[in-house]
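Right, one structure below, let's go through it.
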Amino acid sequence: MKLWSQFFIPTLKESPADAEIASHKLLVRAGLVRKLGGGLYTYMPLGLRVIHKLTQICREELDGAGGIELWMPHVHPVELWQQGPRWAAAREIMFRADSAGDGKRAPREPEFVLGPTHEEVITPLVKAEISSYRDLPKNFYQIATKFRNEIRPRFGLMRAREFIMMDAYSFDATDDGAVTSYHAMKAAYARFFKRVGAHAIAVEADTGVMGGSFSHEFMVPAEIGDDDVIYNEASGYAANREKATSGLVAPDLVDAAPSGPLEEFATPGVVTIAALAAAPYAVGADRQFKTLVFMGDGKPFLVILRGCDELEEAKLGALGFTLFRAATADEIEPVMGAKPGSLGAINGTIKNFGALAGIYADHAIRLIGNGTTGANKDGFHVNHVNVTRDLAVTRFGDFRRVRPGEPDPKSGQPLQVRRGIEVGHIFKLGTKYSEKFGAVFTDDKKESHLMVMGCYGIGISRTMQAVIEQSHDADGIIWPWNCAPFQVLICVIDPQLPEAMDLARKLALAAERAGADVLVDDRAERPGVKFKDADLIGLPLRITIGGKGLKEGIVELKWRTQKEVIKVALAEAERCVAAAVLEAAERART
RNA sequence: CGGGGUGUAGCUUAGUCUGGUAGAGCGCCUGGUUUGGGACCAGGAGGUCGUAGGUUCGAAUCCUAUCGCCCCGACCA
């Protein structure tokens, strides 16, 4: 039992000016966090209790799934990262952790960095400690602070520079084993989110800079989420935008025969899809081939899309470049022979074809069959361009951005889109890191193999905010039972009456014996203030003890989710409180 | 990093256009009256107006630079 007067819950009547969304405002107003700087937050006593609830449940589920907890340093020697596979891509978001220096010398390369995740630490550790198949599989995890110098911290804890994350790493002897580990984690994640009362759904995801072969994100649907989930309710298909595909191109599509000889025509000043679609040319955007130029690890490559489609840049990750970006106009002209707006990928028209690392075409251009594209000559386009005959495609792939309403690849039903908050992510990594760090083991035939890895993350602090975003009303937070900082608030209206406080202690004990954490509001505040604060901090069950009720011989029980007050006779109070607690705990379990 | 916005008391803010000694509400302190949904009265403390230059007799207000913060985009748990 905690007495409010001896705890610290600085609530606010007004929302801070820098908070935009409900959960961020409530985090601050309910006294759960305070801001230190952009993306940097102090977890106040009440907020820390929520974090502890979440980490404890997380720990139980991971232990249940065979996880082994450890703790790794957050300061990493930079050499580890330089040796790992993603230094070039990750260094931008990493904090350096050098000594502050004497303020005179110029900054050198960092000697230490702060860990954004721990693949570069765990893999060498496992390499050093495990060398036999007998010691595999293993799944190590920690729940700790992570550091990422986010380009744009946002929405309070939603995207912070310093945040709390559970990160786990599985090591298996075989690929099948790694898949088993992956699915065990996926199931543990589902149990975790269910227990804490977050309605998270698993969606197929892109592997991004982590690399690896497949991946799921756990998303909490919310308007303010950073990600789009593309889904179809009926078929169960769900993927994030980076990964989502559609069934737009039928598998049995027959490529169109050429419609005629190539025909160059003048298009002075036409440099956009829209301009070519307008009079006098009137070539519909869905009849145009759009040619984009990118730089991949220093070499240019082309991407061909329909004029009406958008590129989904993340999908270029599948091409295997370590780093890629859109090419600049200056880089484009020497290679293509024309400025952007007149580009095309027709055989023989590219000025310096040999410089290209590849020409990648989106499947959907096959729907065009015969269309129009740039001539690689400023102010000219070409008609009757046939996909098979004329375009120098290295390979086809899925590069376009899916639109809502397109057919679901599973069922053909229309796809829908909604926003979500990514609270967890699981990757089957494969051998990307074990190769780099030489994490090998010996099997029962004395042969050496690379360990097959998986990595897994849950944003603990982000989950706290996602729960609030998902569960609040105009008056405040509505905590789910299992992650509430306390489950029961005993609101003593007249704390100056000894019999009121005695009863509060008695009921607190009853609730605690039934398994609840109890907060007693013993402040000498007016009732209105206490009730407002009670709704704001949102504990699931409120018990009100007042002089008035005592005279009548009753106390009041009220669920945060419910409007009505349940009056209970004093003689029944202990039993009713205990029963209510047990019932709520049971409800939260199923 | 690109685009937009903003910085005045612990919090929310007015005043900035049109320069003239900084105002309110909440919170805080003292006293009193109140006491079942953010009370009322009286008194009080608290601001070098983000910072640094400049213009001016005079700058929160105009100019320049710089920093912080917020929103949109690329990135992520």
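Given the structure is predicted, the values throughout are model-derived calculations rather than measurements. Chain letters run A, B, ... following the sequence lines, proteins first, then strands; residues in each count from 1.
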Watson-Crick or G-U wobble partner of B:C75, both distances under 3.5 Å
none
Check: B:G73 base within 3.5 Å donor-acceptor of A:Arg154 side chain
no
Considering just the side-chain nitrogens and oxygens of A:Lys35, establish if one lies under 4.0 Å of OP1 or OP2 belonging to B:C70.
yes
Can you tell me if A:Phe531 is stacked onto the base of B:G36, using a 5.5 Å centroid cut-off and an angle below 30°?
no
In the structure shown, which nucleotide is the Watson-Crick or G-U wobble counterpart of B:G27, with both distances under 3.5 Å?
none
Would you kindly check whether a donor in the side chain of A:Arg462 faces an acceptor in the base of B:C76, or vice versa, at under 3.5 angstrom?
yes
Separation between the C1' atoms of B:G47 and B:G27, rounded to whole Å
16 Å
Looking only at side chains, do A:His118 and A:His74 share a donor and an acceptor under 3.5 Å apart?
no
Taking B:A22 as the reference, what is the distance to B:U51 when you measure between their P atoms (whole Å, please)?
15 Å
Can you check the distance between B:G31 and B:U13, where both ends of the measurement are the P atom (answer in whole Å)?
33 Å
Can you say whether a donor on the side chain of A:Arg542 sits under 3.5 Å from an acceptor on the base of B:G37, or the other way round?
yes
Tell me the partner of B:A39, counting only Watson-Crick (N1-N3 plus N6-O4 or O6-N4) or G-U wobble (N1-O2 and O6-N3) with both under 3.5 Å; none if nothing fits.
B:U33
Could you work out the separation of B:A52 and B:A59 based on their P atoms and round it to a whole Å?
14 Å
Donor-acceptor pair under 3.5 Å: do we get one between A:Glu14's side chain and the base of B:G38?
no
Taking atom C1' in both B:C49 and B:A60, compute the distance separating them and give it to the nearest angstrom.
4 Å
With a 4.0 Å cutoff (strictly under), does any side-chain N or O of A:Arg526 reach OP1 or OP2 of B:A39?
yes
Using purine N1 to pyrimidine N3 plus N6-O4 or O6-N4 for Watson-Crick, or N1-O2 and O6-N3 for G-U wobble, both under 3.5 Å, which nucleotide pairs with B:U21?
none
Counting just side-chain N and O atoms, does A:Arg152 come under 4.0 Å of either OP1 or OP2 of B:C72?
yes
Look at the side chain of A:Asp533 against the base of B:G38 and say whether a donor-acceptor pair falls under 3.5 Å; ignore hydrogens and angles.
yes
Say you pick atom C1' in B:C40 and the same atom in B:U18; how far apart are they, in whole Å?
41 Å
For B:C71, does OP1 or OP2 lie under 4.0 Å from any side-chain N or O of A:Arg159?
no
When you compare B:G54 with B:G58, how far apart are their C1' atoms, in angstrom units rounded to a whole number?
15 Å
Can you check whether A:Lys13 has a side-chain N or O nearer than 4.0 Å to OP1 or OP2 of B:G27?
yes
Restricting to non-hydrogen atoms, name the atom on A:Met158 and the atom on A:Ser23 that form the minimum distance, rounded to 0.1 Å.
CE-OG, 4.3 Å
Verify whether one side chain among A:Tyr433 and A:Arg86 offers a donor that lies under 3.5 Å from an acceptor in the other.
yes
Separation between the C1' atoms of B:C41 and B:G4, rounded to whole Å:
47 Å
